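Single-structure report; data block below.
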Amino acid sequence: MSFPLLTATAALPAIGAIATAAVPAARRTAAKWLALLVSLATLALAVVVLVRFDPDGDRYQLTESHSWIKDFGVRYELGVDGIAVALIALTALLIPFVILAGWHDADPLETHSSRWRPTQGFFALILGVEAMVIISFEATDVFLFYIFFEAMLIPMYFLIGGFGDRAHAGSDEHAAAQRSYAAVKFLLYNLAGGLIMLAAVIGLYVVAGNFSLQEIAEARANGSLDMATNTERWLFLGFFFAFAVKAPLWPLHTWLPNAMGESTAPVAVLITAVVDKVGTFAMLRFCLQLFPEASKWATPVILVLALISIVYGALLAVGQRDIKRLVAYASISHFGFIIMGIFAMTSQGQSGATLYMVNHGISTAALMLVAGFLITRRGSRLIADYGGVQKVAPVLAGTFLIGSLATLSLPGLAPFVSEFLVLIGTFARYPVIGIIATFGIVLAALYTLVLYQRTMTGPVKPEVSAMPDLKVRELVVVAPLIALLIFLGVYPKPLTDIVNPAVKQTMSDVHKKDPKPEVEAAK
């Protein structure tokens, strides 16, 4: 039997999480290094998956299939297409930077008992999230996917509620209450979506008789499984609701600003750059593939909701006084672009949406982690508490600027290619939606440049006059992300070569072809 590469890629961080949690309380540094080494080993396995994947080969590759719960037709089935491979690589790439950036975020305070082990718990939870996200990208059994789609909420709940931002204004009691509120809100929103999805998963089993994504999709394609129109629509809505909460899509987005605002910067990156991508990925893999007709039926409404997310998220970002909440609302706007690209039902839109997932993960990680370094130095998340930082910490300010410019999709940086493809793909089929969505770009320029101007330029405030520049560890975190933003902005072909064949197959699932340009015949 061939080596179970996909299982190993997900199992390694899971085993690493257990090992990290078991490190003795007094050996916090050893726990950190163990977590980092496990994340790097997982990245190496993800690179092997990337290398072994053939974009021109079968749709699902490196497949594994074993009987699990035989009486209910549940199987342990894994397989990756080009979209999943790209997102697994993104996840495995970001986790080492998340761990390095949070190196001291869970160090215990002096008042805690020596038996308390927050450091081990913090890094073990991060590795646990990584394992669950990776297997969610790999699962081709709907029930298997659902288990880990929901299970990842547990470690995320503890990361948000138990390891909050120490730069919170106010008393410790108030900060703890805010963290608890954000964690509970995150959990309740996502559990509500998950429970509705569970009903849809059960309904799908009743209709199809099994949980295999490939078998159900093939049966739908060859006509041996014919769902009633209303049944398909209700099942689609059950799946889509859960994914829209996770993504998040307006009006199901309100948990995200609280969760990101109260989390440490590395955990905020974990939320929006890693975990939330499972929602948009699942729209492509499950909604469009299992329910093609219902997906087309719901497209007009979803596009309007995505458009509201784009404009609404950007408008609220403009008015934010908190750095981390500004990035959170900017992410809501960006997720609107991703979902708009998915449901534009064009190859350019869906390719752009997939690239956007990867590029948004890199750009948001760069901006949020640098913002976290800034906040740690000053001890405040409020924009008004900064000014003139570029004069005392020019490297920090420079990396913050590049992250900000990537957020507004400046040409030459990776997100520009994604946003451009999404807008072209949307305009080709829905020109009015595409035109209105461009206002999101204008607003992005406003909130990112104003953020930079208010924090980095102007007179040096006394509180930041002695602020140190980025240290070696912090440069190791930021420099590769900045390099990737520039490389993929100039040369996105390695990514497009991987995802485009999978996008074409998704377009075939929904029986859609790209609209032909309307060119007036020459007289």
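Given the structure is predicted, the values throughout are model-derived calculations rather than measurements.
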Are [X] and [Y] an aromatic pair by the rule of ring centers under 6.0 Å?
X: His360; Y: Phe337; answer: no
X: Phe281; Y: Phe137; answer: yes
X: Phe240; Y: Phe286; answer: no

State, yes or no, whether a side-chain contact exists between [X] and [Y] at a heavy-atom distance under 4.5 Å.
X: Leu481; Y: Leu369; answer: yes
X: Leu90; Y: Met357; answer: no
X: Lys246; Y: Met197; answer: no
X: Arg325; Y: Gln320; answer: yes
X: Val450; Y: Val318; answer: no
X: Thr407; Y: Pro415; answer: no
X: Leu284; Y: Phe243; answer: no
X: Leu303; Y: Ile339; answer: no

Treating [X] as the side-chain partner and [Y] as the backbone partner, does any N or O pair qualify as donor plus acceptor under 3.5 Å?
X: Thr272; Y: Ala268; answer: no
X: Asn359; Y: Ala414; answer: yes
X: Thr280; Y: Lys277; answer: yes
X: Thr426; Y: Leu423; answer: no
X: Asp322; Y: Leu382; answer: no
X: Lys185; Y: Leu256; answer: no
X: Ser333; Y: Ile310; answer: yes
X: Gln120; Y: Pro24; answer: yes
X: Thr91; Y: Val274; answer: no
X: Lys391; Y: Val460; answer: no

Within 45° cone of Phe123 ring axis and under 6.0 Å: Lys32 NZ or CZ: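 Negative - Lys32 is either too far from the ring of Phe123 or too far off its axis.
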
What's the spacing between [X] [atom1] and [Y] [atom2] if we round to 0.5 Å?
X: Glu138; Y: Leu87; atom1: CD; atom2: CG; result: 11.5 Å
X: Tyr157; Y: Asn190; atom1: OH; atom2: CG; result: 13.5 Å
X: Ser331; Y: Leu367; atom1: OG; atom2: CG; result: 8.5 Å
X: Leu249; Y: Met283; atom1: CG; atom2: CE; result: 6.0 Å
X: Leu188; Y: Leu153; atom1: CG; atom2: CG; result: 10.5 Å
X: Thr354; Y: Ile342; atom1: OG1; atom2: CD1; result: 7.0 Å

Could you pull out the closest heavy-atom pair between [X] and [Y], with the gap in Å?
X: Ala247; Y: Asp276; answer: O-CB, 3.3 Å
X: Pro155; Y: Ala151; answer: CD-O, 3.2 Å
X: Gly352; Y: Val422; answer: C-CG2, 3.5 Å
X: Ala46; Y: Ile88; answer: CB-CG2, 4.2 Å
X: Ser380; Y: Asp385; answer: OG-OD2, 2.5 Å
X: Ala317; Y: Tyr447; answer: CB-CD2, 3.6 Å

Ser263/Leu159 under side chain to side chain contact (heavy atoms under 4.5 Å, CB included): CA gap, chis, key distance, verdict: CA-CA 7 Å; Ser263 300; Leu159 283 170; over 6 Å; no

Candidate pair Met152 and Val278, rule side chain to side chain contact (heavy atoms under 4.5 Å, CB included), full reasoning: CA-CA 10 Å; Met152 70 180 70; Val278 178; 4.1 Å; yes

Residues Asn258, Phe186; criterion side chain to side chain contact (heavy atoms under 4.5 Å, CB included); working and verdict: CA-CA 8 Å; Asn258 296 100; Phe186 162 83; over 6 Å; no

Test side chain to side chain contact (heavy atoms under 4.5 Å, CB included) applied to Thr364 and Val269, step by step: CA-CA 7 Å; Thr364 299; Val269 170; 5.6 Å; no

Test: Arg381 and Glu262 ion pair at under 4.0 Å: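 A salt bridge links Arg381 with Glu262.
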
Pairs meeting criterion salt bridge (Lys or Arg N to Asp or Glu O under 4.0 Å) with involvement of residues 471-484, two or more places apart: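 Passing the test, one end in residues 471-484: Arg377-Glu474.
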
Neighbour count >12 (heavy atoms, 6.0 Å) for atom OH, Tyr452: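 Yes, because the 6.0 Å sphere around OH of Tyr452 holds more than 12 heavy atoms from other groups.
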
Sole residue of Val98, Thr9, Ile99, Ile95 in side chain to side chain contact (heavy atoms under 4.5 Å, CB included) with Glu130: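 Filter result, single survivor: Ile95.
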
Ring geometry between Tyr356 and His334 (parallel below 30°, tilted from 30 to 60°, perpendicular above 60°):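 Because their plane-to-plane angle lies in the 30° to 60° range, the rings of His334 and Tyr356 count as tilted.
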
Partners meeting side chain to side chain contact (heavy atoms under 4.5 Å, CB included) with Glu463 (sequence neighbours left out):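 Listed in chain order: Arg378, Lys461.
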
